[in-house]
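Below is one structure, written out as structure tokens, with a few remarks after it.
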Amino acid sequence: GHAVGLVTRKKTGREEPEWAALFEGGVFFPSSISVWRELLEKFRPDAVYVHKWEELDSIKFLLGVDVPLVRMVHDHDLYCLRSYKYNPLTRRICTRPATGYCVFPCLAPLKRNREGGLPFKLVSYRAKVREIELNRRFDHHLVASEYMRHELLINGFGNERIETLPPVPPPVEPLRSSFGPRNLLVYAGQIIRGKGVDVLLRALQKAREPFEAVIAGDGTHRAHCERLSRKLGLEGRVKFLGFVTQKELASYYKEATAVLVSSVWPEPFGLVGLEAMRCGLPVVAFGVGGIGDWLQDGENGFLIPWMDAGSYAAAIDRLLRDKALARAMGEKGLERVSRDYDFDRYISNLENLFERVVREERPS
């Protein structure tokens, strides 16, 4: 019953007709403030829902228009110059707000360049401070976890404007693991340094129970992790699958004993955990970022101290030895995800938020 339009920064040439069909209100590519004006005059939105948007001129323009603004803060890009909230050398997690400390000694203005050319690029601390200041003026901010709420608070965002609303993925066909004798362990996600696949491999080397592990995903750290796997003598037990479809991943979940989440950077939330819980599988993860919102240690899996490969291995061994425990933890996880992370409830809560924001801005 709502007219929804999509505004995005640039054309990609991929699936644009499908996007246009999905957003009946139109798909727009504003290249200047004058185009923004024409867009708002044509569409006349009751509210604007902003996701990752770093163009400060556009944000300043929107703040000057009489329309409620809601910002979804997906990750650390808004308030971290390097985006990852951890030291690139030690991987130690940063607990500070964005301040001059980020410039020196942390050298945060050096950020990986994903746009081609040089491997690193400079990030302006002054521009980042300005971006934070502008975003503080939004009517509401949505975050996925209490950890992310805390990150906004220490960066000067008002608590009364922050709402925790995890972006629950749509439901899939229900399935349950067999918890069979295969002793299958599954990792699903990007293979980049912050995801800690190298730490996971060191934990697997320490495991005493027989196992088979599949690593589904790809990324810049994959080649390093494949070499490390061979070096650790895990070749026969760990298989790198590359990218797999959700359907293929489900076939592995059906035979798994546990899902492994090895992130050592502070995950804003960690949606792969919800996928595992929907399949009735326990999760083993490091207790970083927002993971503790959905993973209760000893209930639906194990929450391991940061970078502690020995404790991680012990948790894996315990689940492989005791399939009844693994199944019971998986059932607890399924109960929790069904109770706390229902997709229809998520959509209703999002809709109610927009309606409330519009009423506050335009009282009858």
Side-chain angles (χ1 to χ4, degrees), residues 84-87 89-95 145-147 177 179 182-217 221 224-225 228-229 231-234 237-238 256-277 280-333 336:
Y84 303 118
K85 285 289 287 186
Y86 79 164
N87 186 294
L89 301 178
T90 65
R91 294 200 272 196
R92 189 165 296 280
I93 292 171
C94 173
T95 58
S145 63
E146 289 305 303
Y147 166 76
S177 171
F179 291 95
R182 188 177 175 185
N183 279 7
L184 180 63
L185 305 168
V186 177
Y187 168 91
Q190 295 183 79
I191 308 178
I192 55 178
R193 197 160 178 263
K195 294 294 185 178
V197 174
D198 56 331
V199 184
L200 173 60
L201 293 170
R202 296 187 186 282
L204 290 172
Q205 185 201 33
K206 296 175 182 291
R208 294 291 174 259
E209 296 295 317
F211 69 85
E212 176 187 349
V214 293
I215 296 178
H221 212 220
H224 169 81
C225 289
L228 178 61
S229 181
K231 181 180 178 181
L232 296 174
L234 295 170
R237 294 182 288 170
V238 176
T257 296
V259 169
L260 309 178
V261 178
S262 55
S263 297
V264 294
W265 80 302
E267 285 279 0
F269 185 70
L271 282 175
V272 69
L274 298 193
E275 293 178 4
M277 290 157 64
L281 286 165
V283 180
V284 182
F286 292 118
V288 292
I291 288 177
D293 272 29
W294 51 264
L295 181 54
Q296 184 70 40
D297 185 47
E299 179 181 305
N300 57 330
F302 293 108
L303 209 53
I304 309 300
W306 177 76
M307 296 283 279
D308 187 343
S311 295
Y312 203 111
I316 290 173
D317 279 336
R318 187 173 174 190
L319 292 171
L320 293 177
R321 277 195 305 268
D322 191 344
K323 295 295 179 71
L325 173 65
R327 188 185 294 274
M329 284 186 163
E331 288 299 316
K332 286 286 187 181
R336 182 163 190 166

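It should be emphasised that the depicted structure is a prediction, and the values quoted were computed from it without experimental measurement. Any value given below was found using the heavy atoms of this structure, including those in side chains, with hydrogens, waters and symmetry copies removed.
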Might you work through the side-chain contact (heavy atoms from CB on, under 4.5 Å) test for R193 and W265, ending with a clear yes or no? CA-CA 9 Å; R193 197 160 178 263; W265 80 302; over 6 Å; no

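- Remark: the backbone N or O of R208 is paired with a side-chain donor or acceptor of D317 at under 3.5 angstrom.
- Taking all atoms of both residues into account, the shortest heavy-atom contact from A315 to V284 is CB-CG1, 4.1 Å.
- In this structure, S229 and L234 have side chains that are in contact, with non-hydrogen atoms separated by less than 4.5 Å.
- The number of heavy-atom neighbours closer than 6.0 Å to CZ of R91, taken from other residues, nucleotides and ligands shown, is above 12.
- Shortest non-hydrogen contact noted between F179 and S177 is N-OG, 3.0 Å.
- Rounding to the nearest 0.5 Å gives a distance of 5.0 Å between CG of L303 and CG of L295.
- Between Y84 and I93, the closest side-chain pair of non-hydrogen atoms is not below 4.5 Å.
- Between I291 and V261, some side-chain heavy-atom pair lies under the 4.5 Å cut-off.
- With rounding to the nearest 0.5 Å, the separation of CG in L201 from SG in C225 is 5.5 Å.
- For K323, the NZ atom sits in a packed shell: over 12 heavy atoms of surrounding residues, nucleotides or ligands are nearer than 6.0 Å.
- Residues D198 and H221 are in side-chain contact: their nearest non-hydrogen atoms beyond the backbone lie under 4.5 Å apart.
- Taking every heavy atom of both residues into account, S311 and P305 meet most closely at CB-CD, 4.4 Å.
- In this structure, V264 and M307 approach most closely via the heavy-atom pair CG1-SD, 3.4 Å.
- The shortest side-chain heavy-atom distance between P268 and Y147 does not fall under the 4.5 Å cut-off.
- The closest donor-acceptor contact from the side chain of N300 to the backbone of A328 lies at 3.5 Å or more, if one exists at all.
- Within 6.0 Å of CZ in R92 there are 12 or fewer heavy atoms belonging to other residues, nucleotides or ligands.
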Go through R321 and E209 one step at a time and tell me if the salt bridge (Lys or Arg N to Asp or Glu O under 4.0 Å) criterion holds. CA-CA 7 Å; R321 277 195 305 268; E209 296 295 317; 3.8 Å; yes

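- Shown here for D308 and I304, the closest heavy-atom pair between the two residues is O-CG2, 3.6 Å.
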Steps toward side-chain contact (heavy atoms from CB on, under 4.5 Å) verdict (L204, L232): CA-CA 9 Å; L204 290 172; L232 296 174; over 6 Å; no

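- In this structure, N183 and E212 have side chains that are not in contact, with every pair of non-hydrogen atoms separated by 4.5 Å or more.
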Run the side-chain contact (heavy atoms from CB on, under 4.5 Å) check on M329 and L319 step by step: do they pass? CA-CA 9 Å; M329 284 186 163; L319 292 171; 3.9 Å; yes

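- Here the side chains of L271 and F269 are in contact, with some heavy-atom distance below 4.5 Å.
- Between V186 and the choices T257, L281, V214, L260, the side chain to side chain contact (heavy atoms under 4.5 Å, CB included) rule is met once, by V214.
- Within the structure, every pair that satisfies the ring pair (Phe, Tyr, Trp, His ring centres under 6.0 Å) test and touches residues 311-330, not counting sequence neighbours, is listed here: F286-Y312.
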Intermediate values then yes/no, side-chain contact (heavy atoms from CB on, under 4.5 Å), I316 and F211: CA-CA 9 Å; I316 290 173; F211 69 85; 5.7 Å; no

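- The nearest pair of heavy atoms linking A207 to A313 is N-CB, 3.9 Å.
- Comment: E267 engages K195 in a salt bridge, judged by a side-chain N to carboxylate O separation of less than 4.0 angstrom.
- Other residues, nucleotides and ligands contribute over 12 non-hydrogen atoms within 6.0 Å of the CZ atom of R237.
- For the atom pair Y187 OH and S263 OG, the distance stands at 6.0 Å (nearest 0.5 Å).
- Checked for salt-bridge contact, D322 and R327 miss the test: no charged N lies under 4.0 Å from a carboxylate O.
- Put simply, the side chain of R336 reaches to within 4.5 Å of the side chain of M277, judged on heavy atoms.
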